[in-house]
Participant: 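Okay, handing you the structure first.
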Amino acid sequence: MKLSDFRNLDFNNVGGWAQGVKFTFCALLFGLIVLAGWWFAISAQQDDLQQRQGQETQLKKEFSEKQAKVVNLEELKQQLEEMRDMLRQLLRQLPSKTEMPELLVDISQTALSAGLQTQLFKPGPESIKEGFYAEKPIQLRMTGTYHQFGAFISGVAALPRVVILTMHDVSLKPVVGSELSLEGTVKTYRYVEEEEGDGGAAKKPANKGGK
């Protein structure tokens, strides 16, 4: 087979080509078919393989993380129970239902002892939140000096029970001289016993249905 055999090929007379030319042409055609098959089939499978290898790596990572959690499961359960006990102890430091009326009197008396002039001290209906604590809003309107308000806050903090007061829509404005006027709503909180919380939760739907 010579190079000249490839120069003057008559594609209308393939049967007249030299034997070596036919063999070379068939080999090239076979190579092109294999290359096209690899491009359209094997290449797509390689992409799928790479994707699955990535998924395998992610699954191995998730397995390792879950395995680590399983190994420490008992320890985590113990820590969770300890945290629940701490929460119960902290909640029991809040006033109970029977202590709440006395607490409101103590807050009012503390304001009076601090020298504040109370024009409005109106407790509103309480609402149970999440089944383990209740909040009670109190509408306030007081006047006094900056130091008197500071004494009032210190006095509330010194009460026997843990008293939490959060302010909502409260405004503090100057009145005359060094006097300030505080007006708005504060909320105080109390501990809800488990039986009381279940009962409160059971009564809520009945109240809504009655409306």
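The first residue of the sequence shown is numbered 1, and numbering continues consecutively from there.
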Participant: Hey, does Q148 have a side-chain heavy atom less than 4.5 Å from the side chain of M142?
Facilitator: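 With C-beta onward as the side chain, the pair stays apart.
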Participant: With rounding to the nearest 0.5 angstrom, report the CD1 to OG1 distance, I153 to T110.
Facilitator: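 Answer for the CD1-OG1 pair, I153 versus T110, is 12.0 Å.
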Participant: Which distance, rounded to the nearest 0.5 Å, do you find between the CG of L116 and the CG of L182?
Facilitator: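 It comes to 8.5 Å.
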Participant: Please report the interatomic distance OG1(T118) to CZ(F152), rounded to the nearest 0.5 Å.
Facilitator: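 Atom-to-atom, T118:OG1 and F152:CZ are 7.5 Å apart.
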Participant: I'd like to know if the side chain of K122 reaches the main chain of L140, judged simply by a donor and an acceptor atom lying under 3.5 Å from each other, with no hydrogens or angles considered.
Facilitator: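 No: the side chain of K122 does not pair with the backbone of L140.
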Participant: Would you mind listing every salt bridge (Lys or Arg N to Asp or Glu O under 4.0 Å) that reaches into residues 98-116, with sequence neighbours excluded?
Facilitator: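 Applying salt bridge (Lys or Arg N to Asp or Glu O under 4.0 Å) to every pair that reaches into residues 98-116, excluding sequence neighbours, yields E99-R161.
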Participant: Do the side chains of E135 and T166 get nearer than 4.5 Å, heavy atoms only?
Facilitator: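 A side-chain contact under 4.5 Å is absent here.
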Participant: What distance separates Q119 CD from S181 OG, expressed to the nearest 0.5 Å?
Facilitator: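 Q119 CD to S181 OG: 6.5 Å, rounded to 0.5 Å.
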Participant: Test of understanding: with salt bridge (charged side-chain N to carboxylate O under 4.0 Å, His left out), list the residues that count as partners of K77, not counting sequence neighbours.
Facilitator: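 Scan of K77 (salt bridge (charged side-chain N to carboxylate O under 4.0 Å, His left out), adjacent residues dropped) gives none.
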Participant: Tell me every residue that passes side-chain contact (heavy atoms from CB on, under 4.5 Å) with Q109, counting only those two or more places apart in sequence or in another chain.
Facilitator: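 Counting only residues at least two positions away or on another chain, Q109 forms a side-chain contact (heavy atoms from CB on, under 4.5 Å) with V105, L112.
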Participant: I'd like to check the side-chain contact (heavy atoms from CB on, under 4.5 Å) partners of E82; sequence neighbours left out, ordered by chain and number.
Facilitator: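 Per chain and number, E82 pairs via side-chain contact (heavy atoms from CB on, under 4.5 Å) with Q78.
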Participant: Who passes side-chain contact (heavy atoms from CB on, under 4.5 Å) against K66, sequence neighbours left out?
Facilitator: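 Once residues adjacent in sequence are excluded, K66 has no partner under the side-chain contact (heavy atoms from CB on, under 4.5 Å) criterion.
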Participant: Within a strict 4.5 Å, meaning less than it, do heavy atoms of the E183 and L120 side chains meet?
Facilitator: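 No, their side chains stay 4.5 Å or more apart.
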Participant: Can you name the closest pair of heavy atoms from Y189 and P95 and give their distance?
Facilitator: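 It is O-CD, 3.5 Å.
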Participant: With sequence neighbours left out, what residues match S64 under side-chain contact (heavy atoms from CB on, under 4.5 Å)?
Facilitator: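 Here no residue qualifies.
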Participant: Look up atom CD1 in I138 and atom CZ in F121, then write down how far apart they are to the nearest 0.5 Å.
Facilitator: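 Separation between the atoms: 4.0 Å.
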Participant: Work out which heavy atom in V170 is nearest to a heavy atom in T185; give both atom names and the distance.
Facilitator: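 Smallest heavy-atom distance, with atoms named: CG2-O, 3.4 Å.
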Participant: Drop me the distance from T188's OG1 to L103's CG, to the nearest 0.5 angstrom.
Facilitator: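 Rounded to the nearest 0.5 Å, the OG1-CG separation comes out at 5.0 Å.
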Participant: Looking only at heavy atoms, what is the nearest atom pair of G124 and K136, with distance?
Facilitator: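 Reported closest heavy-atom pair: O-NZ, 2.9 Å.
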Participant: Do Q53 and T57 have side chains that approach each other closer than 4.5 Å (heavy atoms only, starting at C-beta)?
Facilitator: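 A side-chain contact is absent here, since even the closest heavy-atom pair is not under 4.5 Å.
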Participant: Answer yes or no: is there an ion pair linking K60 with E56, defined by an N-O contact shorter than 4.0 Å?
Facilitator: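 Between E56 and K60 there is a salt bridge, with a charged N closer than 4.0 Å to a carboxylate O.
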